[in-house]
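Here's the structure we're looking at; comments come further down.
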Amino acid sequence: MAAQTNKHTIASTGKTSATRNVIRFTFAVVLMVALIPLYLLNILLAVIVLKAPLKSENWLDIGGDVVELYSWQVGLFKSSANLINVALGQVHFVGTPIIRGTTSIPNVKRFKSPCDKAGLYDCLQLHNATGLVLNGELPLLEAQAKQNFIEDALMVIKLVTCKTLYKKGGSKQVETHMFGIPFANTKMRDAINWICQSEQPQTKCRVGYFLNVNSINLAANNTELHSTLCGSDKNFADGSGMRIAAQHSGIDLADNINGTDMLPLLCEHALQTKQSFFLLGAKDGVAKKAGESLQQQYTGLDIRGTHHGYFKSDDDIIEQINQSGATILLVALGSPRQELWLAKNKHRLNCQCALAVGGLFDFFSGAIPRAPLWMRELGLEWVWRLMQEPKTKFNRYVIGNPVFLFRVFILKQSIRGL
Ligand code: UDP
């Protein structure tokens, strides 16, 4: 019986894979037919300059295997010749990530991909375009390997949209600035290392802020907030708005460093490096619930204390935080209160690092659901937040986003004028 079921499964998997091959082949051929004028032009140009129209280039997949792809020697959209490889079944549209050249992937980063063939597109490219950092590349590729053809097509559409919206090609400088505010253009892992780094002896509490559309808009009309953001130990660029602003300022943003994507990774790192947390902010009971839920997910996570964010006396709260012995303080009082509160009190805090994290506890306590992955992949988390809290977030997003884009326009003009 089991053998029969197994046979049936193998047969149906084989059938699905054959159907997918036929669809893939047909789709590649249809695209090639549509591109015939371009192909003819490229062939003609190659003949004029006495070159073979096609060349074969070596790429390397994430497992370290060489993948050969065709490209046009001369002409436009040279990589459009890759469609020939798809039609020949040598690569898929969506599959194992590949990188041009054969020495690009250091050995330490190589791993066996769960996808059965190399692909022109992959989910890691998508996450790289938006700067989204999730837990590990392998689980992402495992999920991609299970996608059907329609999901693959949607992924490619998302990727093309993000590559158009958040074009790269600027400076990759690590310490840079926008709107007169410095920030660290870093990878998520470097940001987490910075937060968890213990200085011996510890001299002061380091403070980090997340710069986003809202904080930039607020700082434009609030000089105290502006100078507070300028005076932090580290700022991180958070969200698609900052990515667009960076693109127009000639900066290539590394990762999208926001509190919600960071917290799970920070908890994992905190477990390894024996850090402990104090959660301050949000409505009564929310920080406590967020702490409990994190401890359920990350067994052994050291949460030394929690407190709601509607307190009157700073002294009592600071006393509690210091008494707890927590090394990392997360402050969720909303902008600009959280940034101003930290700037005013950081010299009295004994923890090694404090971060202003906005509505983080609302998400991790389950009070407000997090945006679905496809929205986060497109950098549209703000649309979700607007849907969740239309009244309170109306000004921030419906008015604030166009105002921010106007600021980006002005910023671009001023950079051009330099
Ligand atoms: N909040 C607080 N004390 C205050 C004002 C706000 O604890 O005096 C909390 C509020 O309950 C919410 C968070 O601060 O949990 C602010 O969330 P918001 O969505 O504004 O932050 P964002 O992530 O958008 O910066």
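Sequential numbering from 1 along the given sequence is applied to the chain's residues. Both counts, for ligands and for their atoms, begin at 1 and track the order of listing.
- Of all non-hydrogen atoms in A28 and V86, the two that sit nearest each other are CB-CG1, 4.0 Å.
- A salt bridge is absent between K55 and E68; no separation between the charged side-chain nitrogens and carboxylate oxygens falls under 4.0 Å.
- In summary, of the residues considered (V357, L280, T306, I303), a side-chain contact (heavy atoms from CB on, under 4.5 Å) with L330 occurs for V357 alone.
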Candidate pair I410 and F406, rule side-chain contact (heavy atoms from CB on, under 4.5 Å), full reasoning: CA-CA 6 Å; I410 303 285; F406 183 68; 3.7 Å; yes
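- Side-chain N/O atoms of S232 and N235 include a donor and acceptor closer than 3.5 Å.
- Scanning the protein for heavy atoms near atom 8 (O) of ligand 1, the closest one is R337 NH1, 2.6 Å.
- Within the structure, the closest approach of Y310 to ligand 1 falls below 4.0 Å when heavy atoms are considered.
- When only non-hydrogen protein atoms are considered, atom 20 (O) of ligand 1 lies nearest to R396 NH2, 3.0 Å.
- Cation-pi contact between R206 and W194: present, with separation from the ring centre below 6.0 Å and deviation from the ring axis of at most 45°.
- Scanning the protein heavy atoms around atom 3 (N) of ligand 1, the nearest turns out to be G309 O, 2.8 Å.
- Interface atoms of ligand 1 facing K393, defined by a heavy-atom separation under 4.0 Å, are 18 (P), 19 (O), 20 (O).
- Residue G281 approaches ligand 1 through these ligand atoms, each under 4.0 Å from one of its heavy atoms: 7 (O).
- Ranking protein heavy atoms by distance to atom 6 (C) of ligand 1, first place goes to L333 O, 3.1 Å.
- Donor-acceptor pairing under 3.5 Å is lacking for the side chains of Q125 and N128.
- Taking every non-hydrogen atom of G334 and a distance limit under 4.0 Å, the qualifying atoms of ligand 1 come out as 13 (C), 14 (O), 16 (C).
- With hydrogens left out, the protein atom closest to atom 23 (O) of ligand 1 is G359 N, 2.7 Å, a heavy atom.
- Side-chain contact between D302 and Q295 is absent, with no heavy atoms from C-beta onward closer than 4.5 Å.
- Using a 4.0 Å cut-off to heavy atoms of K283, the atoms of ligand 1 that qualify are 11 (O).
- Within the structure, ligand 1 lacks N214 among the residues with a heavy atom less than 4.0 angstrom away.
- Given atom 12 (C) of ligand 1, the protein heavy atom at minimum distance is D362 OD2, 3.3 Å.
- The part of A332 lying near ligand 1 is the backbone, judged by heavy-atom distances below 4.0 Å.
- Of the charged side-chain nitrogens involved, none lies within less than 4.0 Å of a carboxylate oxygen, so that R348 and D314 do not count as a salt-bridged pair.
- Side chains of E377 and T130: a donor-acceptor N/O pair is absent below 3.5 angstrom, by distance only.
- Here the protein heavy atom with the shortest distance to atom 25 (O) of ligand 1 is G358 CA, 3.6 Å.
- Scanning the protein for heavy atoms near atom 19 (O) of ligand 1, the closest one is R385 NH2, 2.7 Å.
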